Amino acid sequence: MNRLLLKWIGTLLILIWFLVTLWLHDLATVTEPNEFTFATVLSSCTGTFGFELGRQIHSLIIKRTLDTHIFVGSSLLDMYAKAGRIHEAREVFESLLERDVVSCTAIISGYAQLGLDAEALELFRRLNLEGMSSNYVTYASVLTALSGLAALDLGKQVHNHVLRCKLPFYVVLQNSLIDMYSKCGNLIYSRRIFDNMPERTVISWNAMLVGYSKHGMGREVVELYKLMRNENKIKPDSVTLLGVLSGCSHGGMENVGLEIFEEMVNGKDGVKPDIEHYGCVVDLLGRAGRVEEAFEFIKKMPFEPTAALWGSLLGACKVHSNIDIGEFVGHRLLEIEPENAGNYVILSNLYASTGRWEDVRMVRDLMLKKAVKKEPGRSWIEVDQTLHSFHAIDRSHPRREEVFAKMKELSIKFKEAGYVPDLSCVLHDVDEEQKEKILLGHSEKLALTFGLISTSERAPLRVIKNLRTCVDCHNFAKFVSKIYMREVYLRDKNRFHHISMGVCSCGDYW
DNA sequence: GTAGGGTTAG
């Protein structure tokens, strides 16, 4: 309710401001608003309502044939990109009569911010060939795309390049480099950059804290946060506390996390907790096995629980096999977020783990009835600066025959060492043998296997998955690390799993 | 960021 009100007020303010700007320009020039006026106004058209306004302005611009001006063009395409209308943004970009570094950066960052990282990278390459120039903003956007792809080698290339060019606003680039290295699984590099920064912003601290958090390094998160408080130069913000709290949760520091939250409530950190911080507490309690407490906590919160928040409690119910609360929460989730396939999967797995096969079938039927589409699972691995992407039961990779042959070998070898396929990870109604086949075809297993046959012995394997990884693949990765003496870095949708000698940094809770 | 593009986010 409040949010809606705020949105309306925001739109109203933009409108008023637009009119005032027009009026002021009329006074100043005694003629019409010029292209700069439109550019300024367009850049404030964000959010749903802003987008509608932006579209109105677009048609106004077309009527006045002002859209040929580069400033208007870049703000226009940025407005579309920020509204998630990347095709419209691209259309505007392609129709520009001239291009400069800002308009090129705007379209690249548009793709990157929507998570279309491969498209962003490809466009950057193409525009480079066509002779575009780049500056620090361009590289920051490219680094965002590389972080998303976990393209470590390419990221290093960009790093070398920006060092050679001695670009201005290096702190911004260093922030993106910290983030890039951490998302590519190389925290040592992140920390090295962080330690050598002559100056830091709150984003530098946040990027480093979030890096530790995603890697499950709770102690480092708390230590770094203490350092930040002791230095007392940069004030923590809402993102800082999110990083710290989720870091405590991922890193097994439940009690420290709860203390810090308590301090937030008492106003010590100068950041008031909002719904997402409450979400972290649910996660903290859930992880510690305090599922009932987490449930009570949600009931007493000063916020309406979001789907993400229920989802986190459902995850805890699954791990700690709390069927009573899990069932309640699961059905609640299916009500408020019926389109999210993940919810059906976790609820079904919860039923499966307690042997309630009738209910498993019920959930699966519900899923079919509502025609919920599961985002196809995809994993990739970087070998020799090339990203190799795999879909489940992939038949498209040029070395697929080798991959499948190796997979068969691994399956036999791992079973001898104690690997038991977790068939509850398969939702399809097929026989056991078929289930095992589906399970072995999971994309992260294909990527891991490809990594094993295409990298040198003992080289670490860095695999990225677009969804949350399943219990069985997690287990499979443990066997890879143990039997082949490989460090495995598995980055899933939420966080990192650093698996070494059969033990994962996540402590099997994710 | 000086009329347009940027870095952190359960």
Side-chain angles (χ1 to χ4, degrees), chain A residues 21 25 33-45 69-79 81-82 89 92-93 96 99-113 132 134-147 162 167-180 182-183 190 193-194 200-214 234 236-247 249-250 274-284 286-287 305-313 315 468 493-495 510:
Chain A
T21 322
H25 267 269
N34 62 14
E35 56 271 25
F36 299 119
T37 325
F38 283 108
T40 316
V41 174
L42 276 169
S43 67
S44 64
C45 289
H69 193 280
I70 186 74
F71 278 38
V72 182
S74 29
S75 7
L76 200 55
L77 81 85
D78 187 53
M79 182 274 294
K82 288 215 166 70
V92 174
F93 179 73
L96 292 178
R99 286 173 184 170
D100 66 357
V101 60
V102 176
S103 50
C104 290
T105 306
I107 189 72
I108 292 169
S109 86
Y111 279 104
Q113 278 170 18
M132 94 179 256
S134 299
N135 62 15
Y136 78 102
V137 185
T138 323
Y139 288 115
S141 306
V142 170
L143 282 169
T144 305
L146 294 178
S147 304
V162 300
L167 293 172
F169 301 106
Y170 195 48
V171 63
V172 172
L173 280 171
Q174 283 174 312
N175 292 344
S176 2
L177 284 167
I178 292 175
D179 182 54
M180 183 275 292
S182 109
K183 287 193 176 141
S190 298
I193 292 170
F194 181 83
R200 300 185 186 114
T201 62
V202 69
I203 293 179
S204 325
W205 289 93
N206 293 352
M208 197 65 235
L209 284 166
V210 169
Y212 280 134
S213 164
K214 294 222 167 195
I234 305 285
D237 67 4
S238 156
V239 178
T240 316
L241 268 302
L242 274 181
V244 174
L245 291 177
S246 68
S249 178
H250 291 168
D274 64 28
I275 180 86
E276 287 179 324
H277 299 100
Y278 278 83
C280 290
V281 174
V282 172
D283 223 46
L284 278 162
R287 187 192 165 91
T306 57
L309 208 140
W310 285 125
S312 141
L313 184 59
R468 284 170 62 157
K493 200 179 177 194
N494 294 341
R495 55 172 299 171
W510 71 95

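None of the values given here were measured: they were computed from a predicted structure. Order of the sequence lines sets the chain letters (A, B, ...), proteins ahead of strands, with each chain counted from 1.
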### Query
Contact class for A/S312 vs. all strands (heavy atom < 4.0 Å): base, sugar-phosphate, or nothing?
nothing

### Message
Counting the atoms with a prime plus P, OP1 and OP2 as sugar-phosphate, which does A/T144 contact under 4.0 Å by heavy atoms, base, sugar-phosphate, or nothing?
### Response
sugar-phosphate

### Query
If you measure from the Lys or Arg side-chain nitrogens to the Asp or Glu carboxylate oxygens, is any gap between A/R287 and A/D283 under 4.0 Å?
no

### Query
Which of the following nucleotides, B/dG5, B/dG10, B/dG4, is nearest to the side chain of A/F71?
B/dG4

### Query
In whole angstrom, what separates A/R468's CZ from B/dG10's C1'?
10 Å

### Task
Looking at every strand, decide which applies to A/D237 at a 4.0 Å heavy-atom threshold: base, sugar-phosphate, or nothing.
nothing

### Task
Compare the minimum distances between each of B/dA9, B/dG4, B/dG5 and the side chain of A/D100, then state the nucleotide with the smallest one.
B/dG4

### Query
Where the side chain of A/A39 is defined as all heavy atoms beyond and including C-beta, which of B/dG10, B/dG4, B/dG5 is the nearest nucleotide?
B/dG4

### Query
When you measure from the side chain of A/S176, which nucleotide among B/dT7, B/dG4, B/dG5 comes out closest?
B/dT7

#### Entry: Short side-chain N/O contact from A/K183 to OP1 or OP2 of B/dT7, under 4.0 Å
no

### Message
If we count only N and O atoms by modelled type, under 3.5 Å, do the side chains of A/S43 and A/S75 hold a donor and an acceptor together?
### Response
no

### Query
How many Å lie between CG on A/L42 and P on B/dG4, as a whole number?
11 Å

### Task
Round to a whole Å and report the spacing from CG of A/L209 to C1' of B/dT8.
10 Å

### Message
Quick check for you: among B/dA3, B/dT7, B/dG5, whose closest atom lies nearest to any side-chain atom of A/I203?
### Response
B/dT7

### Integer-rounded Å distance: B/dG4 P and A/M79 CE
15 Å

### Query
For A/I193 and B/dT7, what is the distance between atoms CD1 and C1' respectively, to the nearest whole Å?
12 Å

### Message
Tell me if the centroids of the rings in A/F71 and A/F36 come within less than 6.0 Å of each other.
### Response
yes

#### Entry: Listed nucleotide nearest any side-chain atom of A/K82, set B/dG5, B/dT7, B/dG4
B/dG5

#### Entry: Separation of atom CD1 in A/I107 from atom P in B/dG4, rounded to whole Å
18 Å

### Task
Examine B/dT7: is either OP1 or OP2 under 4.0 Å from a nitrogen or oxygen in the side chain of A/Q113? Give yes or no.
yes

#### Entry: Between B/dT7 (P) and A/I108 (CD1): distance, integer Å
13 Å

### Query
Please walk me through it: do A/S182 and A/S190 pass side chain to side chain donor-acceptor pair (under 3.5 Å)?
CA-CA 6 Å; A/S182 109; A/S190 298; 4.8 Å; no

### Message
Classify A/V282 by what it touches in the nucleic acid, base, sugar-phosphate, or nothing, heavy-atom distance under 4.0 Å.
### Response
nothing

### Among B/dT7, B/dG5, B/dT8, the nucleotide that comes nearest once only the side chain of A/V239 is considered
B/dT8

### Task
Can you figure out which of B/dG4, B/dT8, B/dG5 approaches the side chain of A/V210 most closely?
B/dT8

### Message
What is the separation between atom CH2 on A/W510 and atom P on B/dG10, rounded to the nearest whole Å?
### Response
19 Å

### Task
Please say whether the positively charged group of A/R200, taken as NZ for Lys or CZ for Arg, lies over the ring of A/W205, i.e. under 6.0 angstrom from the six-membered ring centre and within 45 degrees of the axis.
yes

### Task
Give A/R287 one of three labels, base, sugar-phosphate or nothing, depending on what nucleic acid heavy atoms sit under 4.0 Å from its own.
nothing

## Note on the structure
Ranking B/dG10, B/dT7, B/dG5 by distance to the side chain of A/D179, first place goes to B/dT7

### Task
Go through A/T144 and A/S147 one step at a time and tell me if the side chain to side chain donor-acceptor pair (under 3.5 Å) criterion holds.
CA-CA 5 Å; A/T144 305; A/S147 304; 5.9 Å; no

### Side-chain donor/acceptor contact of A/T105 with base of B/dG5 under 3.5 Å
yes

